[in-house]
Amino acid sequence: MRVSRLMLVTLRDDPAEAEIASHKLLLRAGYIRRLSPGIYAYLPLMWRVLRKVAQVVREEMDRAGALETLLPQLQPADLWQRSGRWAGYTAGEGIMFHLEDRQGREFGLGPTHEEVITTLAGDLLRSYRQLPVNLYQIQTKFRDEIRPRFGLMRGREFIMKDAYSFHADEQSLQQAYAEMDGAYRRIFARCGLRAVAVEADSGAIGGSASQEFMVTAEAGEDLILASSDGRYAANQERAISLPPEAVPLAAGPLASGAGELLETPDQASIDSLCRGQGLDSTQVVKVLLQLARFESGLQQPLLLVLRGDQQLNTVKLANGLNGRFAERHGALLAVEPLSPEALERQGLAPLPFGYLGPQLSDAVLAPARDWQPHFLRLVDHTAADLPCFVCGANQPGAHLLGASWSGLGLTPSALDLRAAQPGDRCLHDPSQRLEASRGIEVGHIFQLGRKYSTAMEACFTTEAGSQEPFWMGCYGIGVSRLAQAAVEQHHDAHGICWPLPIAPFEVLVVPANGADPVQGELAEQLYAELQHAGVDVLLDDRSERAGVKFKDGDLLGIPWRVVVGRGAAAGRLELVDRRGGDPQDLAAAELVPHLVECIGRQRQGLLPPC
Ligand code: ATP
Ligand code: MG
């Protein structure tokens, strides 16, 4: 390919729309253009990268015995109604684009394909003899993300590889899951990415075990918590840990445990209360009031209790709520804080926010118009385990000192609601501490179990002759996100430094002075020879100054640059490695064999598997 034919438009300055390095560079180097928030055109250079990533993914999926397929993107609503996910994906904060056809039938644009594939499997796979099966596709997905950002990192239209496996028993599922884990590690290593596997939340997809693959990068949206011995790593959404020890309350439990009234005017926050009263935040329990809305219309007020130094993990809360209500009330649509305005709209009296205690009576909800007239009370272990604590007195400007659960007449059933924090001790070895790093989720593998096959009645005949729902796994890779994550990990002040296996071209040939016929001719000759040797080569045949061509070359990030300059007359040229190091002075005749050898090694992937 010749640069003059490439429709190349590079930008000198960072575009205002981009915040992180990889997004800026892909825009500046002419790889992508934004059409609308979260919707990008992949220009020819980007498409070459995406095809190379897809090829690596394809080779590893094929090697693991998966079959490539291509499923419809327009998905009938009734499939999603059968799995119970239509409302959750279309109402409230649901991310599925949906539409009606001319006959008024509803469809969704595929954000994921469990429903479609489970329906097909139920039709096609009748006997245990046909199992296991693993099907994959590489295709555009649509998700109406609440906050599309960072270019291809969080698009509303993006390319995903998704695979789904079907099994006769759990053991076979676990085997496929382990094979996919291995395939994923090879894929990321072959693409030149440093990726780590972490325990993950299964989210709206559901199921039991799940693991994410994170490309470590400062700009990552996910927080990873890991122990330095390498034995534990999890997404913060999912992470568990030992909380810091609580400092015992000096006052000790009062005889009644009902607490002594403490005047605390202007101490509505944990910080100001602790400063004003000389308390430690581990001695305080705090109360958060929220409202959970479900598909059935149920609006359930929540009274959440955590120790004063702890933060709520909203993912754990959502999982807890789904576990309790999903069967009777359908999907959880949203959880929002109970605001004074919301209370007023329900015809309820104002509440003393900042001075609330876990003993707040359900009576405050009695007149509610649409809400359940009682709280669902959820108490985190850190709060439930305190023998004696300080809490709000449910009246403005006052707290209770030395209260206990029994003294307040409460018997909390505790659960894990807290967000694990960097510095927390690890469960597997309390001498280990959690350390934080940031990551970009490029892949996610799940053991779905029988959730979808049961809901959609997708069954096979077992060896014993009975009908049973399939065991299922699903396995995703964000192909377009992965390509940008590679830029996030591999760039410098001058531009992109593509890992060779996914670079749009492997070699860039630049005649320093295109007007010089000797340089021009040698460049053309090398270009032809490299092409002939099966190398992906780009020739900068523009009549630009050498400086402009070198700058663009750095920005584009092609791994090898061959500079044909003044030495051309003597049959010599320079070979430059984009990742750095001194240019090599070579005889023209040496170049092709030398490059073919280097590139041959690099094509296998730059990093050992994670
Ligand atoms: P996230 O937590 O980042 O929203 P997810 O957990 O919803 O992602 P999955 O359903 O696990 O995503 O999808 C599989 C893979 O697809 C993800 O691991 C990620 O690499 C990619 N992906 C998901 N959403 C997007 C998006 N909006 N833009 C680009 N890639 C995405
Ligand atoms: Mg995920």
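In each ligand, atom 1 is the first atom listed, and ligand 1 is the first ligand listed. Counting begins at 1 with the first residue of the sequence.
Ranked by closest heavy atom to atom 25 (C) of ligand 1, the top entry among Tyr475, Phe158, Phe446 is Phe158. Nearest-heavy-atom check against atom 5 (P) of ligand 1 across Arg156, Arg143, His444 picks out Arg143.
For Tyr31 and Trp47, the ring centers are positioned 6.0 Å apart or more. Ring pair Trp80/Tyr89: centre-to-centre distance below 6.0 Å. In this structure, the ring of Phe213 has its center less than 6.0 angstrom from the ring center of Phe188.
Side-chain contact of Ser165 with Asn134: a donor-acceptor pair under 3.5 Å is absent, judged by distance alone. Counted by atom type alone, Thr382 and Gln310 present zero donor-acceptor pairs between their side chains at under 3.5 Å. Side-chain N/O atoms of Asn319 and Asp201 include a donor and acceptor closer than 3.5 Å. Inspection of the Arg238 and Ser210 side chains reveals no N or O donor paired with an N or O acceptor under 3.5 Å.
Distances from ligand 1 to the non-hydrogen atoms of Gly443 include at least one value under 4.0 Å. Using a 4.0 Å cutoff on heavy atoms, Leu152 counts as a contact of ligand 1. Residue contact check for ligand 1: Lys141 places no non-hydrogen atom closer than 4.0 Å to it. Within the structure, the closest approach of Val442 to ligand 1 falls below 4.0 Å when heavy atoms are considered.
With a 4.0 Å heavy-atom cut-off, ligand 1 is reached by the backbone of Glu441 and by its side chain too.
A 4.5 Å side-chain heavy-atom check between Glu488 and His23 finds every atom pair outside the cut-off.
Within Glu441, the N, O or S atom at minimum distance from the Mg ion (ligand 2) carries the name OE2. Its N, O or S atom nearest to the Mg ion (ligand 2) is what matters here, and for His444 that atom is ND1.
Residue Gly155 has at least one N or O atom closer than 3.5 Å to an N or O atom of ligand 1.
Those atoms of ligand 1 with a heavy atom of Arg481 less than 4.0 angstrom away are 3 (O), 19 (C), 20 (O), 22 (N), 23 (C), 24 (N), 25 (C), 26 (C), 29 (C), 30 (N), 31 (C). Residue contact check: Arg154 has heavy atoms under 4.0 Å from atoms 1 (P), 3 (O), 4 (O), 26 (C), 27 (N), 28 (N) of ligand 1. Each of the atoms 15 (C), 16 (O), 20 (O), 21 (C) of ligand 1 lies under 4.0 Å from some heavy atom of Gly478. Distances below 4.0 Å separate heavy atoms of Glu145 from the following atoms of ligand 1: 24 (N), 26 (C), 27 (N).
Rounding to the nearest 0.5 Å places NE2 of His491 at 6.0 Å from CG of Leu25.
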